[in-house]
Amino acid sequence: ILKTIDGGLTWKSQTSGTSENLLNIDLRDESRAVAVGLGGVTLTTSDGGETWKISDPCSGSIVSDASYITEKNIVVAGYGGCVAASEDNGTNWIRVNIFSRADLLSLSFADDQNGSMTDANGMVWVTGDGGKTWLPFNVLTNPKLVSVYMGDKFTGWAVGENGLILRTNDGRLSWRR
């Protein structure tokens with residue numbers, strides 16, 4: 001893990017406490033962050049990365065993305081349909097059953113309630129309750145979507161293999177190339 005406090009001019013290495021490859025990181029502010037990766041590793045910090053706490057909310061499955069949605073609430077998504085939520089900065093995790101074993105690739109929240117995630121089967125999953133429940137939407141894409149970003153609860157983009165870019169401006173109900 002590398003950290004900068006001067007806009008990227010210099011970087012300081014931080015000790016993560018794991019040898020697993022990390023795939024993604026999300027920051028709430030200058031103190032709180034969550035990083036995720038292979039082997040189910042989920043790292044959280046509340047002191048700007050001076051110390052990292054390791055947890056495994058997806059029981060060893062790859063955790064591909066994470067999002068800090070409030071000062072204490074975190075949602076993570078990973079392979080095998082794993083979605084987990086924490087209401088205490090990652091100390092305790094609760095698994096969310098989405099009734100799918102699809103590999104979840106990307107996660108983005110526009111605010112503390114409205115989020116989206118993509119899976120390896122070309123689906124976009126949406127939540128309107130802070131990640132407690134998720135509904136799948138088939139956007140009929142091939143190749144798969146590998147990343148999603150929601151600018152607000154209506155507008156978002158998803159990108160995929162072979163240069164695919166999709167946009168929604170109706171709250172994720174429809175997606176256009």
Side-chain angles (χ1 to χ4, degrees), residues 22-28 33-44 55-70 72-90 92-177:
L22 300 174
L23 303 174
N24 243 314
I25 190 166
D26 190 50
L27 287 76
R28 177 67 185 177
V34 57
V36 295
L38 302 184
V41 69
T42 300
L43 305 172
T44 54
S55 58
D56 183 11
C58 290
S59 304
S61 294
I62 294 170
V63 183
S64 52
D65 210 349
S67 187
Y68 244 109
I69 61 173
T70 69
K72 294 186 176 187
N73 292 28
I74 305 168
V75 177
V76 298
Y79 282 29
C82 179
V83 176
S86 173
E87 296 179 346
D88 56 12
N89 288 310
N92 297 293
W93 294 93
I94 298 170
R95 291 282 291 265
V96 177
N97 191 348
I98 64 166
F99 304 100
S100 172
R101 303 279 301 143
D103 293 340
L104 303 170
L105 305 176
S106 172
L107 175 68
S108 177
F109 275 79
D111 54 40
D112 65 339
Q113 297 296 308
N114 296 286
S116 300
M117 60 186 176
T118 60
D119 74 23
N121 299 325
M123 302 288 271
V124 173
W125 295 75
V126 300
T127 184
D129 61 7
K132 292 176 181 67
T133 58
W134 293 87
L135 296 172
F137 283 84
N138 188 345
V139 294
L140 302 173
T141 65
N142 187 13
K144 68 184 174 191
L145 299 171
V146 294
S147 186
V148 63
Y149 174 78
M150 296 304 300
D152 59 42
K153 74 184 223 177
F154 297 104
T155 309
W157 294 264
V159 297
E161 296 173 334
N162 301 326
L164 178 65
I165 300 174
L166 300 179
R167 180 181 176 172
T168 183
N169 58 8
D170 61 4
R172 305 156 296 172
L173 297 175
S174 64
W175 294 81
R176 294 182 177 249
R177 288 181 184 251

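When reading the values below, keep in mind they use all heavy atoms of this one structure, side chains included, and skip hydrogens, waters and symmetry mates.
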Participant: How close do W175 and V139 get, counting heavy atoms only, and between which atoms?
Facilitator: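 Heavy-atom minimum between the residues: CD1-CG1, 3.1 Å.
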
Participant: Counting C-beta onward and ignoring hydrogens, is there a side-chain heavy-atom pair between Y149 and S116 closer than 4.5 Å?
Facilitator: no

Participant: Mind running side chain to side chain contact (heavy atoms under 4.5 Å, CB included) on Y79 and L105 for me, showing each step along the way?
Facilitator: CA-CA 8 Å; Y79 282 29; L105 305 176; 4.0 Å; yes

Participant: Looking at E161, I'd like to know if its CD atom is crowded, meaning that more than 12 non-hydrogen atoms belonging to other residues, nucleotides or ligands lie closer than 6.0 Å.
Facilitator: yes

Participant: Could you pull out the closest heavy-atom pair between A102 and N121, with the gap in Å?
Facilitator: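 Closest approach of A102 to N121: CB-ND2, 3.5 Å.
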
Participant: Quick check: do L43 and V34 have side-chain heavy atoms less than 4.5 Å from each other?
Facilitator: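 Not touching, per the 4.5 Å side-chain cut-off.
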
Participant: Side chain of R172, backbone of G115: donor and acceptor closer than 3.5 Å?
Facilitator: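 Side chain of R172 to backbone of G115, a donor-acceptor pair under 3.5 Å: yes, one is there.
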
Participant: Quick one: does any side-chain atom of N114 pair with a main-chain N or O of G128 as donor and acceptor, under 3.5 Å?
Facilitator: no

Participant: Go through the structure and list residues passing side chain to side chain donor-acceptor pair (under 3.5 Å) with N169, not counting sequence neighbours.
Facilitator: none

Participant: Using atom types as modelled and distance alone, determine if a side-chain donor or acceptor of T127 lies under 3.5 Å from a backbone N or O of T133.
Facilitator: yes

Participant: Between P57 and V76, what is the shortest heavy-atom contact and its length?
Facilitator: CG-CG2, 4.0 Å

Participant: To the nearest 0.5 Å, how far apart are OG in S55 and CH2 in W93?
Facilitator: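 Between S55 OG and W93 CH2, I get 5.5 Å after rounding to 0.5 Å.
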
Participant: Report the distance from atom CG of L104 to atom CH2 of W125, rounding to the nearest 0.5 Å.
Facilitator: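 So the CG of L104 and the CH2 of W125 are separated by 7.5 Å.
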
Participant: Check the angle between the aromatic planes of F109 and W134 and answer parallel, tilted or perpendicular using the 30° and 60° thresholds.
Facilitator: perpendicular

Participant: So, for I74 and N89, which heavy atoms are closest and what is the spacing to 0.1 Å?
Facilitator: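 Heavy atoms only, the tightest pair is CD1-C, 3.7 Å.
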
Participant: Distance check, rounded to the nearest 0.5 Å: D119 atom CG versus M123 atom CE?
Facilitator: 6.5 Å

Participant: For the residue pair L166 and R177, what are the closest heavy atoms and their distance?
Facilitator: CD2-CG, 3.5 Å

Participant: Has R95 got more than 12 heavy atoms of other residues, nucleotides or ligands less than 6.0 Å from its CZ?
Facilitator: yes

Participant: Is there a donor-acceptor pair closer than 3.5 Å between any side-chain N or O of R101 and the backbone N or O of G80?
Facilitator: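 Pair found, side chain donor or acceptor close to backbone of G80.
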
Participant: Please check: side-chain N/O of S106 versus main-chain N/O of V148, any donor-acceptor pairing under 3.5 Å?
Facilitator: yes

Participant: Report yes if the side chains of T155 and R167 come closer than 4.5 Å at any heavy-atom pair, otherwise no.
Facilitator: yes

Participant: State, to 0.1 Å, how close S108 and M150 come at their nearest heavy-atom pair, and which atoms those are.
Facilitator: OG-N, 3.0 Å

Participant: Check each of L22, V36, D56, V63 against V41 using the side-chain contact (heavy atoms from CB on, under 4.5 Å) test, and report the only one that passes.
Facilitator: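 Single side-chain contact (heavy atoms from CB on, under 4.5 Å) partner of V41 among L22, V36, D56, V63: L22.
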
Participant: With the side chain counted from C-beta on, respond yes when F154 and T168 share a heavy-atom pair under 4.5 Å apart, and no when they do not.
Facilitator: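 Result no, sub-4.5 Å side-chain heavy-atom pair not found.
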
Participant: Using modelled atom types and a 3.5 Å cut-off, is there a donor and acceptor pairing between side-chain atoms of D65 and backbone atoms of L107?
Facilitator: yes

Participant: Would you compute the distance between atom CD1 of I69 and atom CD of Q113 and round it to the nearest 0.5 angstrom?
Facilitator: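 If we round to the nearest 0.5 Å, I69:CD1 and Q113:CD are 7.0 Å apart.
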
Participant: Could you measure the distance from the CE atom of M117 to the OG atom of S147? Nearest 0.5 Å is fine.
Facilitator: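 Going from the CE atom of M117 to the OG atom of S147 covers 14.0 Å.
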
Participant: Hey, which of N92, I94, N73 is the one that makes side-chain contact (heavy atoms from CB on, under 4.5 Å) with E87?
Facilitator: N73

Participant: Just how far is it from atom OG of S64 to atom CG of L23, taken to the nearest 0.5 Å?
Facilitator: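 Separation between the atoms: 7.5 Å.
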
Participant: May I ask you to test the L145-L164 pair for a side-chain heavy-atom distance under 4.5 Å?
Facilitator: yes

